[in-house]
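One structure is given below, encoded as structure tokens.
Treat the numbers as computed from the prediction; the structure is a model and nothing was measured.
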Amino acid sequence: MTDGTSIKIGDRDYGVMSGSTGPDVIDIRKLYANTGMFTYDPGFTSTASCESGLTFIDGDEGVLLHRGYPIGQLAEHSSFMEVSYLLLNGELPNKEELDKFSYTITRHTMLHEQLATFYRGFRRDAHPMAVMCGIVGALSAFYHDSTDITDPYQRMVASHRLIAKMPTIAAMAYKYTIGQPFVYPKNSLSYTGNFLRMTFGVPAEEYVVNPVVERALDRIFILHADHEQNASTSTVRLAGSSGANPFACIAAGIACLWGPAHGGANEAALNMLREIGRPERIPEYIARAKDKNDPFRLMGFGHRVYKNYDPRATVMQKTVREVLTALNVTDPLFDVALQLEEMALKDDYFIEKKLFPNVDFYSGVILSAIGFPTTMFTALFALARTVGWVAQWNEMISDPDQKIGRPRQLYTGPVQRDYVAVDKR
Ligand code: CMC
């Protein structure tokens with residue numbers, strides 16, 4: 001909404017819009033028509049790409065709110081199913097609503113049986129994210145009754161299907177790489193307990209879900225559920241703005257999340273900790289991260305929006321301790337991570353650039369203690385972020401002002417010239 005103030009650009013006034021909290025924005029929609037000029041903002045560091053009521057981040061204060069609720073409170077008291085309902089519907093569910101929602105999600109956990117043969121087309125050493133991109137994109141070929149994006153009911157069914165099927169898809173990707181049989185979902189288990197069983201269970205034995213691991217993983221899912229207009233969410237929105245079906249849009253989000261600057265950082269962070277190996281080697285890696293001529297960066301450190309401690313990293317660090325204690329595991333890499341954080345936070349380079357641990361810094365230590373191989377880390381991120389993606393996608397499609405996303409550019413290529421025949425070049 002406009003707040004009555006405006007900013008002059010050239011000889012015209014441009015209205016200033018205020019949200020419920022956070023920075024105001026300048027409404028430049030008429031700028032090109034009025035001036036013939038575009039704005040230039042590669043990386044969107046100063047651009048609000050949409051209006052949204054889902055997630056709010058105050059990067060300077062290290063605050064993350066989902067529908068107004070602080071992430072720390074949700075991680076402490078809520079469940080991933082409840083947070084999913086909250087993101088999709090705007091309010092926390094009462095008991096009946098939560099039970100109904102969980103029931104609905106549980107009833108969508110199975111995959112079309114033919115998709116099992118689709119997995120067999122991949123090499124056994126395929127990265128789970130490669131498999132996830134392919135399988136999720138392929139869902140649009142299997143669930144034709146939920147691809148009409150103009151029908152709110154079909155949009156809801158597609159959203160439920162994606163949230164429900166993602167654990168099955170991720171677990172099957174893992175089982176395929178290790179050559180074990182796929183394990184079908186079991187509806188008596190929780191969302192997260194079911195995922196653990198499909199990942200680590202085998203048909204030959206009864207799988208007993210460890211409640212501490214189940215709770216920790218559920219909390220990790222909550223921490224990853226949504227994060228405002230990050231790269232993969234913006235990818236989902238941009239893909240969806242053309243009217244593409246939801247399965248195709250989420251496949252696009254998975255592809256974007258894979259990169260090491262985004263969701264792939266959890267895998268890269270643990271690989272980095274392994275490479276460092278011992279606390280004595282930390283100074284060498286800090287020096288490398290500071291060296292302008294060395295492309296190395298401290299993975300799991302720094303964030304586009306947080307210029308303070310990532311509130312998700314705080315919960316994650318606490319959860320590492322709980323999981324290691326519950327599983328009676330001592331992981332020397334956790335000590336390396338703690339000491340690396342301590343040294344980096346005292347270093348002028350990291351202080352000046354406001355680089356703090358992000359959500360990915362500690363998650364790898366927990367996931368590895370639970371038994372996940374590093375290649376599965378980003379797949380777990382994708383699983384959890386699916387709810388954010390579908391909630392953001394639904395919000396966009398429901399917006400009457402929604403139009404196709406079509407950025408412009410500052411062209412620096414050759415100006416018009418005449419074609420030259422090949423023998424004259
Ligand atoms: N280690 C060393 N230096 C860093 C780091 C780092 N991890 N992150 C940023 N810097 C430096 C960077 O070199 C630059 O220095 P200068 O101004 O002298 O050129 C300055 O800090 C600003 O960095 P930037 O790349 O311009 O900032 P950005 O907002 O474009 O990038 C980031 C944010 C997350 C991509 C970056 O901090 C990074 O590459 N971190 C490591 C990867 C990582 O942990 N990613 C997970 C992000 S959180 C989970 C998610 O959202 O997916």
Q | Donor on one side chain, acceptor on other, Ser232 and Trp389, under 3.5 Å | A | yes
Q) So, do Trp258 and Met132 sit near enough that their side-chain heavy atoms are less than 4.5 Å apart? A) no
(Q) Is it true that Asn266 and Thr378 share a donor-acceptor pair across their side chains at a distance under 3.5 Å? (A) yes
Q: Answer yes or no: are there more than 12 heavy-atom neighbours, outside Asp418 itself, under 6.0 Å from its atom CG?
A: no
Q: Taking the side chain as every heavy atom from C-beta outward, state whether Leu139 and Leu115 have any pair of such atoms under 4.5 Å apart.
A: yes
Q. Are Asp41 and Ser46 close enough that a side-chain donor and a side-chain acceptor fall under 3.5 Å?
A. no
Q) Does Phe301 have its ring centroid less than 6.0 Å away from the ring centroid of Phe356? A) no
Q: Check whether any side-chain heavy atom of Pro70 sits under 4.5 Å from a side-chain heavy atom of Gln73, and report yes or no.
A: yes
Q. Does atom CZ of Arg425 have more than 12 heavy-atom neighbours from other groups under 6.0 Å away?
A. yes
Q: List the steps, then state whether side chain to side chain donor-acceptor pair (under 3.5 Å) holds for Ser52 with Glu395.
A: CA-CA 7 Å; Ser52 179; Glu395 185 183 58; 2.7 Å; yes
Q: Report yes or no: do Thr233 and Gln229 form a side-chain donor-acceptor pair below 3.5 Å?
A: no
Q: Let me see the working for His160 and Thr104 under side chain to side chain donor-acceptor pair (under 3.5 Å), right down to the final yes or no.
A: CA-CA 7 Å; His160 291 166; Thr104 307; 5.3 Å; no
**Q.** Steps toward side chain to side chain contact (heavy atoms under 4.5 Å, CB included) verdict (Ser368, Phe377)
**A.** CA-CA 9 Å; Ser368 165; Phe377 293 179; 4.1 Å; yes
Q) Hey, does the Lys NZ or Arg CZ of Arg124 hover above the aromatic six-ring of Tyr176, less than 6.0 Å from the centre and inside 45° of the axis? A) yes
(Q) Leu298 vs Phe361, test: side chain to side chain contact (heavy atoms under 4.5 Å, CB included). Steps then yes/no. (A) CA-CA 9 Å; Leu298 279 194; Phe361 191 63; 6.0 Å; no
Q) What orientation do Tyr85 and Phe101 show, parallel under 30°, tilted 30 to 60°, or perpendicular over 60°? A) perpendicular
Q. Between the side chains of Ser79 and Asp218, does any donor sit under 3.5 Å from an acceptor?
A. no
Q: Verify the ring-centre separation between His303 and His227: is it less than 6.0 angstrom?
A: yes
Q.
If the threshold is 4.0 Å, N to carboxylate O, is there a salt bridge linking Arg215 and Glu322?
A. no
Q) With no hydrogens and no angle check, is any side-chain donor or acceptor of Arg385 less than 3.5 Å from a backbone partner on Leu257? A) no
Q | Validation row, ring centre Phe200 to ring centre Phe195 under 6.0 Å | A | no
Q | Rounded distance (nearest 0.5 Å) linking atom OH of Tyr119 with atom CE of Met172 | A | 4.5 Å
Q) Do Ile366 and Leu217 have side chains that get closer than 4.5 Å, going by heavy atoms? A) no
Q) When you measure from the side chain of Arg67 to the backbone N and O of Glu91, does any donor-acceptor pair fall under 3.5 Å? A) no
Q. So, Ser146 and Arg161: side-chain donor and acceptor under 3.5 Å apart, yes or no?
A. yes
Q: Determine whether the side chains of Asp60 and Tyr306 contain a donor N or O and an acceptor N or O closer than 3.5 Å.
A: no
Q) Around atom CD of Glu284, are there more than 12 heavy atoms of other residues, nucleotides or ligands at under 6.0 Å? A) yes
Q: Taking the side chain as every heavy atom from C-beta outward, state whether Met396 and Leu238 have any atom pair closer than 4.5 Å.
A: no
Q | NZ/NE/NH1/NH2 to OD/OE distance under 4.0 Å, Glu61 and Lys307 | A | no
Q) More than 12 non-hydrogen atoms from neighbouring residues, nucleotides or ligands closer than 6.0 Å to CD on Glu96, yes or no? A) no
(Q) Atom CZ of residue position Arg107 - does it have more than 12 heavy atoms of other residues, nucleotides or ligands inside 6.0 Å? (A) yes
(Q) On the six-membered ring of Phe296, is Arg288 placed so that its NZ or CZ lies under 6.0 angstrom from the centre and within 45° of the ring axis? (A) yes
Q.
Do Tyr309 and Glu341 pair up side chain to side chain, a donor and an acceptor below 3.5 Å, judged on atom types alone?
A. yes
Q. With a 4.5 Å heavy-atom cut-off, do Lys165 and Val136 have their side chains touching?
A. no
(Q) Can you tell me how far apart CG (Asn245) and OH (Tyr143) are? Round to the nearest 0.5 Å. (A) 13.5 Å
Q | Ser49 backbone acceptor or donor facing Thr47 side chain under 3.5 Å | A | no
Q) Should the pair Lys353 and Tyr349 be classed as cation-pi, given the thresholds of under 6.0 Å to the six-membered ring centre and 45° from the axis? A) yes
(Q) For a quick test of reading the model, state the closest non-hydrogen atom pair linking Ser6 to Val16 and the distance between them. (A) CA-CG2, 3.9 Å
Q: Run the numbers on Glu275 and Asn271 for side chain to side chain contact (heavy atoms under 4.5 Å, CB included), then give the verdict.
A: CA-CA 6 Å; Glu275 198 184 309; Asn271 288 337; over 6 Å; no
Q) Tell me, do Val387 and Met166 make a side-chain contact under 4.5 Å, heavy atoms counted? A) no
Q. So, does Thr199 use its side chain to make a donor-acceptor pair with the main chain of Ala171 at under 3.5 Å?
A. no
Q) Do Thr147 and Gln154 have side-chain atoms, one donor and one acceptor, less than 3.5 Å apart? A) no
Q) Are any non-hydrogen side-chain atoms of Leu380 and Phe221 less than 4.5 angstrom apart? A) yes
Q | Lys95/Asp99 ion pair, N-O < 4.0 Å | A | yes
Q: Indicate whether the side chain of His127 and that of Glu267 have a donor and an acceptor atom separated by less than 3.5 Å.
A: yes
Q. So Gln402 and Ser241, side chain to side chain contact (heavy atoms under 4.5 Å, CB included) or not? Walk me through it.
A. CA-CA 7 Å; Gln402 185 266 328; Ser241 76; 3.6 Å; yes
Q. Under 3.5 Å, is there a donor-acceptor pair between the Gln409 and Tyr40 side chains?
A. no
Q) Distance only, no hydrogens: is a donor on one side chain within 3.5 Å (strictly under) of an acceptor on the other, for Asp125 and Thr177? A) no
Q: Determine whether the side chains of Gln392 and Asp226 contain a donor N or O and an acceptor N or O closer than 3.5 Å.
A: yes
